[in-house]
Protein chains: 2
Amino acid sequence: MSAKYKLIVDEIERDILDGKYNSIGKLPTEEELVATYGVSRTTVRKAIGILSSKGYIYQVQGSGIFIRESILKGYISLETLKGFTRDFPNREIESKVINIEVIQADEKLARKMKCDIGTNVYYVKRLRIIDGNTFSMEYSYYNKDIIPYLNEEIAKSSIYSYILDDLKLNIGFADKLIYADKMDEESAKYLGLAMDDPALVIDNTVFLNNGNIFEVSKVIHNYKHAKLLKLATF
Amino acid sequence: MSAKYKLIVDEIERDILDGKYNSIGKLPTEEELVATYGVSRTTVRKAIGILSSKGYIYQVQGSGIFIRESILKGYISLETLKGFTRDFPNREIESKVINIEVIQADEKLARKMKCDIGTNVYYVKRLRIIDGNTFSMEYSYYNKDIIPYLNEEIAKSSIYSYILDDLKLNIGFADKLIYADKMDEESAKYLGLAMDDPALVIDNTVFLNNGNIFEVSKVIHNYKHAKLLKLATF
DNA sequence: AAGTGGTCTAGACCACCGT
DNA sequence: CGGTGGTCTAGACCACTTC
């Protein structure tokens, strides 16, 4: 059973994406939402706060709750982090598994993953293709003590769905280091770009709820297609 | 008079940065914080929630509030958005104002800034230098109806401090589009890089609390020095 | 079982926006 | 001024971690 405020977030999010409020550009007042969902004002405000932090809306004291009209599609959202399916609706997303194997963590990797040297780790190399365009190369490491099993079948569809829905693990948070660099030879080859073309790189460290690291990855994006969208709040 | 939860956020943030909790890696329990600050648990939790979203801490049910040990210095934080002074403490930050003038918005700019064609707009070109290294080129537009006055003196120090402290405007939120591209000729020249070197680009649209756009800008970063840090929460 | 965070309520009062 | 969001309280009960 999910929390009430989460159900309200999901419902309002769906309504916004469906364009239910496009004509007026506003949500109902907090008071009305309280009546609609039959919960306390605190619970409504909790849901509203989450939708604000996701970049969907903003509140103006004395005035109301307004829809934030940003282009939410076609860019990688740094807010929702729900994967390509959410960011690229109605687009053909393909994942080619180049390589998948179990290796032992050397000193450098062990330091990054905060695990012991020699820990078994899945190393996965994937090429992502969207609408037929090469989009990104992913070089990922998963701690096998946390993710006990992985295969090409899973890597081809969605590793995250597998972790969340099948392994029932709680993903907590992630550090993302974002920068530009020159393409390396291997990534350039797979992405169909020239060496020394620009690359948009993201180094990820992903933690479970309890603070343990289960994934470290480097994602090299095709600069011609990949753009990140950050909806910031002050 | 600032809100209680904001004062608590500031105090705990300072304590964390001062290393007060480094030895144990944990914050006191919510109950203890309630006693320390003499507020309700709801207020403590509001402060804790903000510190979580800023990436300082994470909570584990049944266990406690833990410090999130990420390198918070030397990278541009996509969370705090408090400017270079916060992101690069104890570093020498210099801003060279290349150009500052008032122009009239053409159709394209008017669309971006959601203002009328012909609206007076400040156009500011700045080169940012950190510790003697060329860091970024900023090409910014400010709506003169909202920012009535601007000069080289202000642009040389901090336009944001001026807007917040002197004009007393409430900055609300910002859209940031992040991507990699090849350097253009002008930026390459100022940054001391070659054309076709990679560039880390951010297109910003910045809104006041009430949803009005006061700034649109393009920032071209030196790929050798600029890295963005995003602390995400699921 | 005890400790600690997660969810939720009902209600009060304040601050800002628009008419 | 009425409408609407912002802050804050006191307390209840649940869920997870740790021992």
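Each chain gets a letter, A, B and so on, in the order the sequences are listed, and its residues count up from 1.
- Comparing B/P28 and A/S40, the nucleotide of DNA chain C nearest to each residue sits closer to the 5' end for B/P28.
- What separates CG of A/N210 from P of C/dG5 is a distance of 15 Å, to the nearest Å.
- Taking for each of A/T43 and A/G62 the nucleotide of DNA chain C with the nearest heavy atom, the 5'-most of the two is the partner of A/T43.
- In summary, B/E13 and B/K54 engage in a salt bridge, as defined by a charged side-chain N under 4.0 Å from a carboxylate O.
- Atom CZ of A/F66 is separated from atom P of C/dC17 by 11 Å (rounded to the nearest Å).
- In this structure, A/Q59 atom CD and C/dA15 atom P are separated by 18 Å, rounded to whole Å.
- B/Y5 has no side-chain polar atom (N or O) that falls below the 4.0 Å cut-off from OP1 or OP2 of D/dC8.
- One interatomic measurement links the two molecules: CD of B/E30 to P of C/dG3, which rounds to 16 Å at whole-angstrom precision.
- Using a 4.0 Å cut-off, some side-chain N or O of A/K46 falls inside it from OP1 or OP2 of C/dT7.
- Rounded to a whole Å, the OH atom of B/Y58 is 17 Å from the C1' atom of C/dG6.
- With C/dA10, D/dA10, D/dT7 as the candidates, the nucleotide lying closest to the side chain of A/T42 is C/dA10.
- Using a 4.0 Å heavy-atom criterion, one finds that B/S63 contacts the sugar-phosphate atoms exclusively.
- One atom, CZ of A/R45, and another, P of C/dT7, lie 17 Å apart when rounded to the nearest Å.
- Residue A/I65 is classed as a sugar-phosphate contact, given heavy-atom separations below 4.0 Å to backbone atoms only.
- For C/dT4, neither phosphate oxygen OP1 nor OP2 lies less than 4.0 angstrom from any side-chain nitrogen or oxygen of B/K26.
- A/N209 places its CG atom 9 Å from the P atom of C/dG6, with the value rounded to the nearest Å.
- A cation-pi contact, defined as under 6.0 Å to the ring centre and within 45° of the axis, links B/K46 to B/Y5.
- Listed nucleotides D/dT17, D/dC8, D/dT9 differ in distance to B/V39; the shortest reach to its side chain belongs to D/dT9.
- For the residue pair A/N120 and A/Q104, a side-chain donor N or O sits within less than 3.5 Å of a side-chain acceptor on the partner.
- Rounded to whole angstrom, the span from the CD atom of B/Q61 across to the C1' atom of C/dT7 amounts to 9 Å.
- Cation-pi geometry between B/K227 and A/Y179 is satisfied (NZ or CZ under 6.0 Å from the ring centre, within 45° of the ring normal).
- For A/T29, whose side chain is taken as the heavy atoms from C-beta onward, the closest listed nucleotide among D/dA10, C/dG5, D/dG5 is D/dG5.
- In summary, the aromatic rings of B/Y58 and A/F173 are positioned with their centroids under 6.0 Å apart.
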